[in-house]
Amino acid sequence: HDLSHFDALYLATLGGAEALGMENDIGSFESGKAFDAVLLSADESVRAVVLEFPDGTAETPEDVLQKILTNGDDRNVRAVYVDGGVSVALEGLRPG
């Protein structure tokens with residue numbers, strides 16, 4: 001079976017929470033839910049991996065999502081949030 005980048009993102013977030021029976025507590029950006037997240041950047045100035053398609057740079061948000069999910073790595077991480085606060089930060093964000 002083929003797994004689209006949208007399916008992969010769903011399984012890593014709300015789909016995973018549903019599989020664990022925790023969809024009321026985690027898995028989406030809703031008020032009252034626990035917030036753990038990784039802020040990624042595909043910006044040219046911080047891009048550490050090749051995020052270009054053979055025919056040129058992605059233009060749509062869907063293209064950027066696909067590239068960051070398939071080609072991105074730890075060099076694209078800008079911040080890590082744990083329990084609602086910045087735990088690790090780059091680019092001027094402050095932990096707290």
Side-chain angles (χ1 to χ4, degrees):
H1 297 281
D2 290 333
L3 184 67
S4 75
H5 53 282
F6 291 112
D7 293 336
L9 181 61
Y10 171 75
L11 291 173
T13 56
L14 188 55
E18 289 172 348
L20 296 171
M22 299 180 69
E23 65 274 12
N24 293 325
D25 302 314
I26 61 172
S28 63
F29 297 112
E30 293 181 44
S31 180
K33 287 190 175 183
F35 182 74
D36 292 346
V38 177
L39 176 64
L40 302 173
S41 177
D43 182 65
E44 186 70 35
S45 65
V46 297
R47 192 175 302 159
V49 297
V50 177
L51 292 177
E52 293 183 2
F53 288 123
D55 295 331
T57 304
E59 296 293 329
T60 68
E62 291 83 7
D63 289 341
V64 174
L65 173 63
Q66 180 182 7
K67 291 190 311 180
I68 205 83
L69 289 177
T70 57
N71 297 332
D73 61 23
D74 61 318
R75 296 171 290 181
N76 297 95
V77 173
R78 300 291 62 141
V80 177
Y81 292 82
V82 176
D83 198 23
V86 178
S87 175
V88 176
L90 302 171
E91 294 187 351
L93 297 173
R94 294 187 180 157

Inset, instruction - Compare all side-chain heavy atoms of Val86 with those of Val80 and state whether any distance is below 4.5 angstrom. - result: no

Legend entry - Whether Phe35 and Phe29 hold their rings parallel, tilted or perpendicular, with breakpoints at 30° and 60°: tilted

Legend entry - Value rounded to 0.5 Å, distance of CD in Gln66 from CG in Leu9: 12.5 Å

Inset, instruction - Please round to the nearest 0.5 Å and tell me the distance separating atom CG of Leu11 and atom OG1 of Thr13. - result: 8.0 Å

Legend entry - Phe6-Leu14 co-clustered via ILVMFWY side chain contacts under 4.5 Å: no

Inset, instruction - Verify the cluster assignment for Val77 and Val82: are they in a single hydrophobic cluster under the rule of side-chain heavy atoms below 4.5 Å apart? - result: yes

Inset, instruction - Check Ala17 against Gly27 and note the closest heavy-atom contact, atom names and distance. - result: CB-CA, 3.9 Å

Inset, instruction - For Asp25 and Lys33, indicate whether the former's side chain and the latter's backbone hold a donor-acceptor pair under 3.5 Å. - result: no

